[in-house]
Amino acid sequence: MNPPRLISQKEHGIQRSAISRGARDVVQRLVESGYQAELVGGCVRDLVLGRVPKDFDVVTNATPEEVRQVFPRSRVVGRRFRIAHVRMGREIIEVSTYRAGATDSDEYSIASQSVEGRILRDNVFGAREEDVFRRDFTVNALYYDLGNDQLIDYVGGFSDLSEGVIRFIGDPSRRIEEDPVRMLRVARFRAKLDLDLSPTIEDVCREQAFLLRHVPPARLFDEVLKLFQSGHAVRSFEELEALALFPELFPEADRAYSGVDLDPASGLVAQGLANTDRRIQDGKPVIPAFLFAVLFWRPVTRSLGRSSDGRPPSLVELHKAAHGVLDRQVQRVAIPRRISSVVVEIWDMALRLLARRPRSVTRLLEHKRFRAGYDFLLLQAHSGEVPLDLATWWTVIQESSTDDRQAMIQSLGPKPGVRKRRSRPRKRRTGGQ
Ligand code: ATP
Ligand code: MG
């Protein structure tokens with residue numbers, strides 16, 4: 001093997017102050033205890049790109065137990081692949097041990113899920129020269145030595161970063177077979193970092209997209225959230241489409257979109273994703289349920305369309321269609337029930353807001369899903385699915401005084417077409433029971 005290329009501080013230009021205090025302390029303490037330790041992965045990549053890393057990963061030749069001896073307050077997590085979580089003030093630094101022999105299997109595969117093409121071998125600790133080859137892309141495989149501020153580059157990651165290219169370490173087709181989730185990582189890093197792809201990656205992904213069917217749905221859920229909550233949801237959606245991955249994740253949504261004029265500027269999905277990106281940029285919280293409400297709305301309307309011939313669906317019809325779509329979808333991407341139930345509540349609320357029954361207005365305004373349902377209604381209005389003035393009515397009433405609210409509700413009058421309920425004589429309660 002060729003010796004690695006060493007890149008000096010002068011060349012890479014990373015300022016020490018850009019590295020978190022906690023990460024520096026962890027590396028320093030490991031080195032003082034006689035171990036080798038560096039920063040690695042996404043944090044080094046982001047530092048080279050002049051971005052703020054979201055967290056810092058440390059890699060070392062100390063085993064997790066040895067790391068614990070250096071940091072008695074650390075926790076060793078993971079069953080099959082143990083890594084240490086070291087707490088440094090408010091930060092948690094992940095410290096993993098160099099691994100070897102993992103080029104045709106690695107911690108990213110799940111042992112019990114062994115399917116064709118994936119050889120699953122026990123993972124063993126190794127040297128840095130081996131550790132580098134289990135990593136996915138050259139840009140994710142740079143080590144930062146804090147002892148001399150040099151980058152250690154075995155695979156040409158630094159020049160790929162300078163040129164802005166994502167390149168697999170080794171043969172793309174094989175690396176994808178080992179772990180198909182790497183295709184989603186291609187989409188995510190491309191969207192987030194605005195990098196190009198080395199030749200062939202796009203074709204290989206399109207050819208091997210079907211391998212995502214072998215990935216455990218719970219892992220796909222995690223990856224989907226990372227994609228759509230990265231602050232680059234619009235780009236991520238486009239990348240998933242370009243790499244033919246979207247139909248594998250969300251087959252029913254994909255079918256609902258195909259053949260429909262999906263105007264990127266005005267469609268509900270495009271607007272919903274753009275909203276999510278804006279909220280993240282502004283530091284506002286985003287809830288996963290809203291995202292799925294946006295992504296799956298079209299398949300739900302399609303399913304409703306068949307039964308409702310144009311009129312707004314009833315709540316019963318909505319729930320039936322919603323559960324149908326979600327039940328089929330979770331077979332691919334395991335959306336936990338605590339999230340999917342909120343997805344249905346959002347659609348339910350939007351439908352109630354659309355109906356605008358005078359007697360329910362006050363209660364709806366106080367409902368815990370009002371905000372999300374209203375946001376969803378706004379999206380529907382902006383994409384031309386429901387009248388804009390109806391959504392505006394809800395905007396105004398929220399900001400109105402109690403008296404004005406009453407006036408607005410009264411001005412709705414009895415709903416046209418809704419027959420007054422005939423008053424039936426009340427049944428006498430037969431007390432005691
Ligand atoms: P992010 O900024 O999103 O955290 P990251 O590159 O740090 O990006 P992580 O999932 O935190 O991504 O992984 C840390 C490092 O572990 C990666 O940079 C890469 O070297 C390696 N890695 C992670 N997932 C895989 C995978 N599926 N296959 C191969 N290597 C991986
Ligand atoms: Mg990371």
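Any value given below was found using the heavy atoms of this structure, including those in side chains, with hydrogens, waters and symmetry copies removed. Indexing begins at 1, ligand by ligand and atom by atom, following the structure's order.
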Q: State, yes or no, whether a side-chain contact exists between I83 and P64 at a heavy-atom distance under 4.5 Å.
A: no

Q. Of the non-hydrogen atoms in I176 and C205, which two are nearest, and what is the gap between them?
A. CD1-SG, 4.1 Å

Q. Going through the checks in order, is the salt bridge (Lys or Arg N to Asp or Glu O under 4.0 Å) test met by R302 and E252?
A. CA-CA 10 Å; R302 213 165 88 126; E252 190 156 339; over 6 Å; no

Q: Give the numbers and elements of all ligand 1 atoms closer than 4.0 Å to a heavy atom of G41.
A: 18 (O)

Q. Which class fits the ring pair F228 and F237: parallel under 30°, tilted 30 to 60°, perpendicular over 60°?
A. tilted

Q.
Quick check on contacts: which atoms of ligand 1 are under 4.0 angstrom from a heavy atom of G42?
A. 5 (P), 6 (O), 7 (O), 18 (O)

Q) Any luck finding a side-chain donor-acceptor pair between D277 and H232 under 3.5 Å? A) no

Q) Of the choices E178, R45, R185, R175, which has the non-hydrogen atom that lies closest to atom 17 (C) of ligand 1? A) R185

Q) Purely on distance, is any nitrogen or oxygen of K226 under 3.5 Å from one on ligand 1? A) no

Q | Region of V181 that comes within reach of ligand 1 [heavy atoms, distance under 4.0 Å] | A | neither

Q | Part of N140 within contact of ligand 1 (heavy atoms, under 4.0 Å) | A | both

Q) Of all residues at least two apart in sequence or in a different chain, which pass the salt bridge (charged side-chain N to carboxylate O under 4.0 Å, His left out) check with E94? A) none

Q: Kindly identify the option in V40, V132, D136, L142 whose heavy atom sits closest to atom 30 (N) of ligand 1.
A: D136

**Q.** Passing candidate, salt bridge (charged side-chain N to carboxylate O under 4.0 Å, His left out) with D179, options R134, R185, R219
**A.** R219

Q. For ligand 1, does F189 get within less than 4.0 Å through its side chain, its backbone, both, or neither, judged by non-hydrogen atoms?
A. side chain

Q | Ligand-residue contact atoms, ligand 1 with D179, heavy atoms, under 4.0 Å | A | 26 (C), 27 (N)

Q) Looking only at non-hydrogen atoms, which of R182, R134, R188 approaches atom 28 (N) of ligand 1 most closely? A) R182

Q) What about A141: any of its N or O atoms under 3.5 Å from an N or O on ligand 1? A) no

Q: Show which atoms of ligand 1 fall inside a sub-4.0 Å distance from at least one heavy-atom site of D57.
A: 11 (O), 14 (C)

Q) Atom CZ in R182, atom CD1 in I166: separation rounded to 0.5 Å? A) 14.0 Å

